[in-house]
Amino acid sequence: TSMYKCWLKYYKLENKKLSGEYKNLLKSIVIKENTAITQSAVNELKRGLAGILGIRPEISEEPAKPAFLMLGTLSGNKSIAGLLGREKQNLGEEGFIIKLLTENEQKQLLVAGKTDRGLLYGVFSLLRLIQTGTGLDGLPRIENPVNQLRMVNHWDNMDRSIERGYAGKSIFYKNNKITGNLARISDYARMLASVGINAIAINNVNVHKFETLLITDRYIKDAAKLNEIFRSYGIKLFLSINFASPLSTGELFTADPLDKEVRKWWKNRAEFIYAYMPDFGGFLVKADSEGRPGPFTYGRTHADGANMLAEALKPHGGLVIWRCFVYNCLQDWRDRTIDRAKAAYDHFMPLDGAFAENVLLQIKNGPMDFQVREPVSPLIGGLEKTNQVLELQTTQEYTGQQKHLCYLVPMWKEVLDFDTCAKGRGTSVKKIISREVFKNKYGGFATVTNIGDDTNWTGHQMAQANTFGYARLAWDPELTSEEIAESWIRLTYSNDRILVDTIKDMLLGSWRTYENYTSPLGIGWMVNPNHHYGPNVDGYEYDKWGTYHRADHKGIGVDRNVRNGTGYAGQYHKEVARLYENVETCPEELLLFFHYIPYDYRLKSGETLIQYIYNTHFEGVEQAEELKRKWESLKDKVEEDVFGHVMERLEGQITHSKEWRDIINTYFFRKTGIPDELGRKIY
Ligand code: BDP
């Protein structure tokens with residue numbers, strides 16, 4: 001099935017005129033350099049041009065034809081500098097330029113990077129230009145990634161299961177060993193590199209028995225094989241580690257980060273790892289969270305823990321990526337100021353400036369846990385002297401588990417555009433993460449990936465748009481949701497205008513649709529505990545996890561004011577805090593996250609809160625049905641198996657959205673006794 005190829009389908013370009021122009025220019029390719037990465041670039045070009053244009057270009061070191069494509073890097077090919085003007089000063093480490101030149105009546109297209117990584121990105125970008133039927137008029141094109149680290153995190157376990165995975169089993173492991181199926185890994189590396197991903201962590205942040213041994217001689221050689229593949233696509237390999245490794249491996253009696261023996265243990269470990277992988281990226285760490293070990297066991301701080309690992313990795317240029325998803329998962333709310341939403345900030349804000357230079361804090365976009373709607377974590381905009389990585393969730397744990405269509409790019413855009421007011425108005429999240437504001441040494445994006453070993457990689461084929469979209473945003477957060485959707489559609493299906501517009505519509509509205517029939521106005525969590533799929537309004541309400549909606553017969557919502565609520569709102573800068581604390585100015589989509597609201601409260605639309613809940617839940621189901629109608633209209637425009645697969649998912653989504661609607665509406669009808677004004681049937 002073509003679904004395996006995702007956005008690298010390289011189907012034949014229908015536009016004859018453009019195709020002719022491209023063919024003429026690309027018959028011959030000139031490249032003088034030869035590294036693993038330039039080889040990847042050339043192979044990709046061959047593959048792409050064979051599919052899109054049906055040609056097999058000649059590859060040589062000197063021009064053989066009057067028109068040709070020149071590939072090269074500033075660092076490896078002296079003549080490239082001569083072909084570039086002042087533009088070369090604008091090329092960053094991973095940047096590229098695509099430019100049209102005429103030299104002695106020879107027409108040439110130049111794709112150049114400062115490094116071979118940049119060149120690789122340039123080649124992928126050129127292939128996208130060609131496939132989407134874009135002409136050469138827009139050249140030159142110079143691009144540099146806005147964010148430094150553009151990472152994916154796998155929550156894969158070595159028994160092949162994936163924590164929160166909805167697309168089959170792990171592509172990396174089999175029977176507690178690293179897979180020998182390296183062809184698929186190589187395809188995966190291509191896919192990631194094609195959209196600019198440059199780092200990967202290949203095992204779950206919850207590190208269990210076998211995974212603890214990934215950094216030992218039991219697995220290191222096989223890990224190094226994966227590293228070699230990723231390296232040839234410019235991707236750095238990271239491993240999630242068990243903070244208690246010295247103890248868990250049975251070698252020491254403690255994992256205290258201030259213990260000399262422990263420090264030595266990690267130093268030796270780092271030396272060992274780097275002997276096999278000289279370009280190893282570093283460690284990803286979840287500590288003192290949800291039962292994971294960490295420095296708290298020894299009365300030490302997270303800075304003590306992270307800095308100890310940082311010291312071990314420093315001589316090798318490695319990084320420690322330390323997660324801020326730290327909270328007490330056994331809390332209750334007898335004390336009105338106890339609030340899980342406050343945890344990350346409470347733990348890490350006091351440590352701003354205490355972390356070593358090669359430590360990065362990885363912060364989930366919201367203060368809770370990847371709900372369909374959350375405010376932005378106040379740590380972003382709070383921390384100033386600390387390297388920061390924004391953690392997003394591409395795997396759809398709380399957003400339909402890749403059974404429902406939910407294009408997440410619009411949600412991520414809202415996160416990135418959010419104004420933290422950290423340095424006055426205009427201090428948006430994206431400017432902090434890109435390091436424009438605080439000029440920290442490191443920063444970037446990470447996501448919990450949605451990839452598994454399903455043939456189409458992502459379970460729902462359309463969830464590929466999230467994999468693609470995440471990476472595109474990490475490269476350039478200024479891209480719009482529409483632009484990203486459009487290019488994904490053109491690369492994945494075709495350039496048919498009606499098809500492009502229809503699928504774009506489907507994608508762009510899908511997050512809102514999902515929100516409509518699930519939990520309203522930022523309250524979140526109305527899911528079944530544990531697996532998190534399907535409606536269960538009180539599922540977490542009487543549980544210990546600290547995720548309450550606090551509905552009673554008069555109203556619903558969590559008062560997070562400073563004066564008489566949990567105090568969470570006070571973690572924001574004052575302009576933002578003021579906005580959230582006032583019911584009138586609080587963005588309505590987050591109303592129940594910040595306030596307890598009576599059911600007869602009138603929203604800006606004029607609807608009462610209860611009527612809004614009913615309306616959106618009926619609407620959500622209608623919108624899910626509309627998705628199916630739209631897809632049906634494309635029957636003759638997409639391949640049969642793709643059509644059938646997506647249709648099946650959309651039908652499942654409709655059925656399931658009704659279950660959501662009915663359970664939520666019934667719950668509130670029973671709580672309030674207030675009927676639907678429109679007299680619709682509530683079960
Ligand atoms: C939650 C998941 C849990 C993860 C945790 C994390 O439910 O499986 O281990 O996040 O981010 O969303 O560590």
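As the structure lists them, so they are numbered: ligands from 1, and atoms in each ligand from 1.
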task: For the residue pair W266 and L313, establish whether any side-chain heavy-atom pair is separated by less than 4.5 Å.
output: no
- prompt: In ligand 1, which numbered atoms sit nearer than 4.0 Å to a non-hydrogen atom of N206?
  reply: 9 (O)
message: Within the 4.0 Å heavy-atom shell around E163, which atoms of ligand 1 are there?
response: 3 (C), 4 (C), 8 (O), 9 (O)
message: So for atom CD, which belongs to E648, do other residues, nucleotides or ligands contribute more than 12 heavy atoms lying within a distance under 6.0 Å?
response: no
query: What are the atoms of ligand 1, with element, lying closer than 4.0 Å to any heavy atom of H532?
result: 7 (O)
message: Geometry only, no angles: is D369 polar-contacting ligand 1 at N/O separations under 3.5 Å?
response: yes
Derivation and outcome, side chain to side chain donor-acceptor pair (under 3.5 Å), residues H656 and H404: CA-CA 9 Å; H656 201 218; H404 297 228; 2.7 Å; yes
- prompt: Would you say the side chains of S428 and D417 form a donor-acceptor pair under 3.5 Å?
  reply: no
task: May I ask you to list the atoms of ligand 1 that are less than 4.0 angstrom from any heavy atom of R164?
output: 2 (C), 3 (C), 7 (O), 8 (O)
query: What atoms of ligand 1 come closer than 4.0 angstrom to any heavy atom of E290?
result: 4 (C), 5 (C), 9 (O), 13 (O)
- prompt: Which ligand 1 atoms does K364 reach within 4.0 Å, using its non-hydrogen atoms?
  reply: 1 (C), 5 (C), 6 (C), 10 (O), 11 (O), 12 (O)
- prompt: Under 3.5 Å between some N or O of ligand 1 and some N or O of E397?
  reply: yes
task: Would you check whether K286 has a nitrogen or oxygen atom less than 3.5 angstrom from a nitrogen or oxygen atom of ligand 1?
output: yes
- prompt: Would you say the side chain of Q371 lies within less than 4.5 Å of the side chain of W525, judging by non-hydrogen atoms?
  reply: yes
query: If we ignore angles and hydrogens, is there a donor and acceptor under 3.5 Å between the side chains of Q393 and N365?
result: no
query: Do F593 and P375 have side-chain heavy atoms sitting under 4.5 Å apart?
result: yes
